[in-house]
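One structure is given here, and the rest of the page talks about it.
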Amino acid sequence: MASPQHGDFSYASLLEISKKLKRNPKELAADLLVFLKTEACSSSHEKQVAMLAHAEVAGPGFINMQFSQEFLNSKLHRLLSLPLGSTSLKGKKILMEYVSANPTGPLHIGHGRWAVFGSSLARALSFCSAKVYQEFYVNDTGKQIDKLYESVAAIRSSKPIPEDGYHGEYLHSFKNNTEDPLQSILNEQKETLKKIGVHFDNFFHESSLRTAPHRPQSKNIQEIEENTALSGSASSSEKPDTLKHCLDLMESKNLAYHHDGALWFRSSLGGDDKDRVLRKSDGSLTYFALDIAYHFTKLKRGWPSLIDILGADHHGYVKRISIATSLMYKYLIASKEQLQTSQAEDFSISIIIGQLVKVFRGGKEVRMSKRSGDFIALEETIQEIGPDATCYFLSRQKISNSLYFDLEQAKQKNLENPVYYVQYGHARIHAVFRKALDAGILQENLLTNTVPGLPATQEYTLIEQAIPQLLDTPLMLSLEPTSTARRLLLQAMQFSSEIEQLTSSVHAETHHICRWLAETASLFHKLYNEQIFIKNKTTEDKEYSLSMLRLLAVVAKTLKAGLSMLGVSAPNTM
RNA sequence: GGGGCUGUAGCUCAGCUGGAUAGAGCAUCGGUUUCCUAAACCGGUGGCCGGAGGUUCGAACCCUCUCAGCCCCA
């Protein structure tokens, strides 16, 4: 926000306020300055520490401020001794649905993008104390699935695959086994997702929405993984027909009507340009009907805040499904049907449209089509460039922007991929700590496995084990206004608010994490080249080293937090 | 025909609520290693922010029009 020469941070929107108040911005700034100096400086919300050392009016009406040494010191102490996190979304219950790939083939690179984006966002929301439930919708009924079974059946009986069936090579592995293809493909998808750190709380099968088994010969796919504790009354011996219930409800509430032999949803009520068909005149249901029923169950299971991440090819769906879900929620509140949630204002549905990934190979675009079998598998990419680079690469750009992905380039650029730059920063800090241990600056007998502010684990890093002995170190950094060390500390302090900001925005721009990581790593590498942390000549040097280690420990802690939010590892050596 | 996304350095992209001299990485040119990891650091070159109007103290950002690319629906 502020460049270093403008102090630690600056306030710029005073000019806008002054317009409304019809006051001279400079005068207003001067008044605010007096207030800041008397009020804010004397009562920071932590202890009684003066927050500001300096504040001044600059330019046409900016206020530039500088933190006091004491404030920075206490902030550093907190960052080191407490868990990182925020309470900005405390009490929020959010159900996220993403990936939801059809179980008709392996995941492609586009799915990888939604997966990485979704899981990063989920971690960011959890970081802000929201309760997040991650779900994958398994589209296990319908024409595409029938085609899958027909194609496999043809392969098994050595007959030609139907023209409009699936021709991908991956299906040929079913020739010599009797596995259920759908279940098997789904399992493979899960395995792939696991490699990039994506875990779902639930795989919701579309077939569970209706009673009539869609495909009697494959009963094993009917096993419902849905957590019954969360699904309210769904645990009775007879499975309720959610879809029928939902459609009946809509009819009874006059949200749906019959016309021309079809059943229509009054989506125009909510501002759609026309009503949409739920059940065609031939009796078959539209995807839309199933989607409404699915979203209905999300609400009924007690999740009032919904986030859907859809591919750009589904953007036509956004409006109608938002409308349908809102109307459903209104009904649920109106009828006082059992809801595990409390307030109506908790309801929100946010549908994030992720643009597609354009895949190139040596400058030539590769078209993705699952049916012909010509697609870029996520699995293949992970194997070629590794899970860390995959996650980072897929996170780097705004989700609303098409992502250009050249496989050849990604392969070649292994060492130039920015993820290594950040990881290297983390590993380098470890090297400094190892050196400090060798030099006797850190005391081996004081290393501990009970680290404040971190979850219990058997595998604390050296840095983490050293935290307790660093907490007592006084801050002796030369934190001149524009020093790299000061900028680095401010950057680390910024991490939590960076995450808060992206979770509060509708666009949920997780690529900001990448930017923050790269900036932080850059500042660290700069500092590393500016000075030597471990000198070990005099007592003074030793104290200096300890104070620097304290700063570096915070940097390592936040770097690791940022990396793991993206599903990227934070190695200790490279 | 209707709708969505995008247009910023040679390439790939950031740019947070309209704010101070538009930023990174790669590429390119030149420097830095008796010292904690050179997978690093420092410096140079490179810009009509697609174009035109408008809003205002101020616009890459907001509004209108327009051009180009990608996608969805009919």
Side-chain angles (χ1 to χ4, degrees), chain A residues 1-3 5-7 10-19 24-26 58-64 110 272-274 276 310-320 351 353-358 360 363 365 393 396-406 409-410 412-439 441-442 484 494 497-498 500-502 504-505 507 509 511-512 514-519 521-537 545 548-549 552 571-574:
Chain A
M1 159 189 256
S3 10
Q5 67 267 28
H6 295 134
S10 68
Y11 186 69
S13 46
L14 209 59
L15 289 157
E16 198 187 334
I17 296 167
S18 73
K19 200 196 293 181
N24 181 312
K26 276 199 169 184
F62 298 98
I63 298 186
N64 294 336
D272 202 355
D273 11 309
K274 57 180 180 184
R276 306 284 172 176
L310 300 178
D313 48 343
H314 291 99
H315 84 262
Y317 240 49
V318 173
K319 198 167 189 178
R320 65 188 85 156
I351 301 180
I353 291 298
Q355 288 296 319
L356 302 166
V357 178
K358 285 186 203 166
F360 291 75
E365 184 164 6
F393 208 105
R396 279 180 71 200
Q397 281 176 36
K398 263 191 306 207
I399 196 77
S400 58
N401 212 339
S402 299
L403 179 66
Y404 173 100
F405 197 108
D406 193 311
Q409 204 180 9
Q412 285 168 7
K413 284 200 167 184
N414 255 359
L415 295 182
E416 286 164 18
N417 192 309
V419 70
Y420 297 104
Y421 181 80
V422 179
Q423 288 182 320
Y424 182 50
H426 187 263
R428 242 184 171 183
I429 295 175
H430 266 270
V432 175
F433 271 69
R434 284 191 292 271
K435 178 79 178 178
L437 196 61
D438 287 349
I441 290 164
L442 287 175
T484 310
Q494 199 69 27
S497 51
E498 200 75 40
E500 276 176 22
Q501 198 174 314
L502 78 89
S504 64
S505 155
H507 306 295
E509 294 165 327
H511 69 285
H512 284 219
C514 293
R515 206 192 72 225
W516 180 90
L517 283 168
E519 278 172 9
S522 168
L523 280 170
F524 164 70
H525 287 308
K526 186 177 161 71
L527 183 67
Y528 184 94
N529 278 273
E530 276 175 14
Q531 49 192 291
I532 294 168
F533 305 124
I534 310 300
K535 294 178 197 156
N536 197 27
K537 295 268 162 57
S545 295
M548 289 310 279
L549 288 177
L552 296 186
N572 302 336
T573 57
M574 282 178 79

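Chain letters run A, B, ... following the sequence lines, proteins first, then strands; residues in each count from 1. All values below were derived from every heavy atom in this structure, side-chain atoms included, with hydrogens, water molecules and symmetry-related copies excluded. These figures come from a predicted structure and were not determined experimentally.
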- [ ] May I have the distance from A:L442 (atom CG) to B:C36 (atom P), rounded to whole angstrom?
- [x] 17 Å
TODO: Please examine the side chains of A:H511 and A:R396, heavy atoms only from C-beta on, and report whether any two atoms are closer than 4.5 Å.
DONE: no
Open item on the list: Closest-nucleotide mapping onto RNA chain B: is A:H525 or A:K435 further toward the 5' terminus? I mean the 5' end.
Closed with: A:K435
Open item on the list: Between C1' on B:G15 and CD on A:E519, what's the gap in Å once rounded to a whole number?
Closed with: 10 Å
Task: Separation of A:E498 CD from A:L517 CG (nearest 0.5 Å) - done: 10.0 Å
Task: First of A:T573 and A:S522 reached from the 5' end of RNA chain B, by closest nucleotide - done: A:T573
Counting only pairs under 3.5 Å, give me each side-chain donor-acceptor contact of residues 425-436 of chain A, with atom names and distances, residues two or more places apart or in other chains.
from, atom 1, to, atom 2, distance (Å)
A:H426, ND1, A:P571, O, 3.0
A:R428, NE, A:Y424, OH, 3.3
A:R428, NH1, A:H525, ND1, 3.1
A:H430, NE2, A:N572, OD1, 3.0
A:R434, NH1, A:N572, O, 3.4

Open item on the list: What is the separation between atom CD on A:Q501 and atom P on B:G15, rounded to the nearest whole Å?
Closed with: 11 Å
- [ ] Kindly say whether A:L502 contributes a backbone atom to a donor-acceptor pair with the side chain of A:S505 at under 3.5 angstrom?
- [x] no
- [ ] Could you give the distance separating B:A24 and B:A20 at their P atoms, to the nearest angstrom?
- [x] 15 Å
Open item on the list: Which residues pass the side chain to side chain donor-acceptor pair (under 3.5 Å) test with A:Q397, not counting sequence neighbours?
Closed with: none
- [ ] Name the closest nucleotide to the A:M574 side chain, picking from B:G15, B:C41, B:A39.
- [x] B:A39
TODO: Looking only at non-hydrogen atoms, find the nearest pair between A:L442 and A:L437 and report the distance.
DONE: O-CD1, 3.7 Å
Task: Span that lies between the C1' atom of B:C16 and that of B:A22, in whole angstrom - done: 15 Å
Open item on the list: At 4.0 Å (heavy atoms only), tell me whether A:H430 reaches a base, stays on the sugar-phosphate, or touches nothing.
Closed with: nothing
Open item on the list: What's A:A518 touching, base or sugar-phosphate or nothing? Going by heavy atoms closer than 4.0 Å.
Closed with: nothing
TODO: Could you give the distance separating B:C57 and B:G18 at their C1' atoms, to the nearest angstrom?
DONE: 12 Å
TODO: Heavy atoms only: give me the nearest A:S522-A:Y421 pair and the separation to one decimal.
DONE: CA-OH, 2.9 Å
Open item on the list: If the glycosidic angle sits within 90 degrees of zero it is syn, else anti. Tell me which applies to B:U34.
Closed with: anti
Open item on the list: Could you measure the distance from the OG atom of A:S402 to the CD atom of A:Q355? Nearest 0.5 Å is fine.
Closed with: 4.5 Å
TODO: For B:C48 versus B:G31, give the span between their P atoms, rounded off to a whole number of Å.
DONE: 30 Å
Open item on the list: Using whole Å, what does the distance between atom P of nucleotide B:U33 and atom CD1 of A:I532 come to?
Closed with: 13 Å
TODO: Between B:G50 and B:G69, how far apart are the C1' atoms? Round to whole Å, please.
DONE: 11 Å
Task: Between C1' of B:U37 and CG of A:D438, the distance in whole Å - done: 14 Å
Open item on the list: Looking at every heavy atom in both A:G311 and A:I353, which two are closest together, and how far apart are they?
Closed with: O-CD1, 4.2 Å
Task: Rounded P spacing from B:C67 to B:A59 in Å - done: 26 Å
TODO: Calculate the interatomic distance between A:N64 atom CG and B:G19 atom C1'; express it in whole Å.
DONE: 12 Å
- [ ] Report yes if at least one side-chain N or O of A:R428 is closer than 4.0 Å to OP1 or OP2 of B:A38; otherwise report no.
- [x] yes
Task: Spacing of CG belonging to A:L527 relative to CE belonging to A:M548, to within rounding of 0.5 Å - done: 4.5 Å
Open item on the list: When the C1' atoms of B:C49 and B:G23 are compared, how many Å lie between them, rounded to an integer?
Closed with: 12 Å
TODO: For A:F393, enumerate each residue passing the ring-ring contact (aromatic ring centres under 6.0 Å, His included) test, keeping only those at least two apart in sequence or located in another chain.
DONE: A:F405
TODO: Could you measure between the two C1' atoms, the one in B:C13 and the one in B:A60, and give it in whole Å?
DONE: 14 Å
Task: All stems with RNA chain B, defined as three or more consecutive Watson-Crick or G-U pairs under 3.5 Å - done: B:1-7 with B:67-73, B:10-13 with B:23-26, B:28-32 with B:40-44, B:50-54 with B:62-66
TODO: For the side chain of A:Y421, starting at C-beta, report the closest nucleotide among B:G15, B:A40, B:U37.
DONE: B:A40
Task: Spacing between A:F433 atom CZ and B:U37 atom P, to the nearest angstrom - done: 13 Å
Task: Donor-acceptor contact present, side-chain A:S504 to main-chain A:E500, <3.5 Å - done: yes
Task: Minimum side-chain heavy-atom gap A:L552-A:F524 below 4.5 Å - done: yes
Task: Rounded distance in Å - CG (A:N529) to P (B:A40) - done: 10 Å
Restricting to nitrogen or oxygen on both sides, can you table the protein-nucleotides 72-74 of chain B pairs closer than 3.5 Å?
none

Distances under 3.5 Å between protein N/O atoms and the N/O atoms of nucleotides 5-12 of chain B, please, pair by pair.
from, atom 1, to, atom 2, distance (Å)
B:C5, O4', A:Q355, NE2, 3.4
B:C5, O3', A:S400, O, 3.3
B:C5, O2', A:S400, O, 2.7

